[in-house]
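Below you'll find the structure, written out as structure tokens, and then a few comments.
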Amino acid sequence: MATDHPNLDLDGAAAHDARAAVDRLIAELQAGWDSHDADVTNRHFAGDIVWGSPFGATVRGYDQLHAIHIRLKQKGRGGRASRFELVEMVTPADGVAVAQIRRVALDDDGFSEMALYVLARRDDTWWVAAGQNTPVREAPTD
């Protein structure tokens with residue numbers, strides 16, 4: 001059965017570089033959240049980024065997404081304090097990383113969310129090519 005479904009995750013230098021890029025992204029997301037600054041949060045979002053909102057909308061392009069993030073940060077959406085953490089990642093090709101990153105709200109006014117980020121390296125810089133975020137909710141008990 002495994003031969004029908006290959007593992008795509010690379011190891012070695014490619015995986016190490018991808019992990020370092022994801023760690024830098026998490027640090028930027030954290031710094032942007034802490035300072036309420038969309039410029040910091042979106043510093044490495046590609047010009048043609050594709051973003052899926054938690055409401056089912058698709059946003060294409062840095063300018064459109066950046067304007068949304070500025071508005072959300074001005075309104076304080078998501079709470080005052082959060083912690084970003086890596087959940088899982090895979091390096092399916094050299095210069096590509098796919099990472100699930102959780103934002104955990106640290107105050108009662110906020111909400112937590114899980115986001116899937118796709119990063120691609122151009123020259124020596126890693127860029128977020130795509131993302132999809134989903135609020136974290138309690139699982140139904142029925």
Side-chain angles (χ1 to χ4, degrees), residues 1-62 64-122 124-142:
M1 183 68 90
T3 59
D4 293 339
H5 301 276
N7 291 334
L8 300 178
D9 199 13
L10 300 176
D11 56 13
H16 177 76
D17 289 348
R19 175 60 191 261
V22 169
D23 288 344
R24 285 190 302 274
L25 174 63
I26 291 170
E28 286 179 354
L29 295 171
Q30 187 69 60
W33 192 272
D34 293 345
S35 64
H36 311 288
D37 189 338
D39 290 329
V40 174
T41 298
N42 300 344
R43 181 174 292 146
H44 286 103
F45 283 20
D48 59 350
I49 190 169
V50 176
W51 193 265
S53 84
F55 308 107
T58 300
V59 177
R60 176 73 188 241
Y62 177 86
Q64 185 180 4
L65 182 59
H66 188 64
I68 292 167
H69 283 171
I70 288 172
R71 246 186 349 268
L72 293 174
K73 289 192 180 297
Q74 288 173 344
K75 292 180 180 181
R77 296 280 299 157
R80 292 181 305 278
S82 290
R83 178 184 70 246
F84 289 82
E85 57 193 28
L86 178 63
V87 176
E88 282 290 342
M89 72 168 284
V90 63
T91 308
D94 187 17
V96 177
V98 179
Q100 285 186 317
I101 298 172
R102 179 184 298 125
R103 182 182 61 78
V104 179
L106 301 177
D107 55 54
D108 292 336
D109 297 336
F111 61 90
S112 299
E113 60 188 342
M114 179 78 80
L116 182 67
Y117 291 88
V118 178
L119 290 81
R121 185 179 59 220
R122 287 292 183 268
D124 291 330
T125 303
W126 285 82
W127 297 95
V128 177
Q132 171 70 51
N133 63 338
T134 304
V136 174
R137 296 189 176 123
E138 294 289 325
T141 56
D142 50 8

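These figures come from a predicted structure and were not determined experimentally.
Looking at heavy atoms from C-beta onward, His66 lies in side-chain contact with Asp39 at the 4.5 angstrom threshold. Side chains of Trp127 and Arg122 form a contact here, defined as non-hydrogen atoms less than 4.5 Å apart. Contact of the Glu85 side chain with the Val104 side chain is registered, since non-hydrogen atoms from C-beta on lie closer than 4.5 Å. Counting heavy atoms from C-beta on, the side chains of Leu116 and Met114 never come closer than 4.5 Å. Within the 4.5 Å cutoff, the side chain of Tyr62 has heavy atoms near those of the Asn42 side chain. Contact annotation: the side chain of His16 never approaches that of Thr91 to less than 4.5 Å [non-hydrogen atoms, C-beta and beyond].
Ring-plane geometry between His69 and Trp51 is classed as perpendicular, the angle between the planes exceeding 60 degrees on a 0 to 90 degree scale with a lower cut at 30.
In this structure a side-chain-to-backbone donor-acceptor pair under 3.5 Å is present from Arg103 to Gly78.
The two residues Gln100 and Leu86 come nearest to each other via the heavy atoms O-CD1, 3.5 Å. Taking all atoms of both residues into account, the shortest heavy-atom contact from Gly32 to Lys73 is O-NZ, 3.7 Å.
For Asp107, the CG atom is densely surrounded, since the number of other residues' heavy atoms within 6.0 Å is greater than 12.
Considering CZ of Phe84 and CD1 of Ile26, their distance stands at 9.5 Å, rounded to 0.5 Å.
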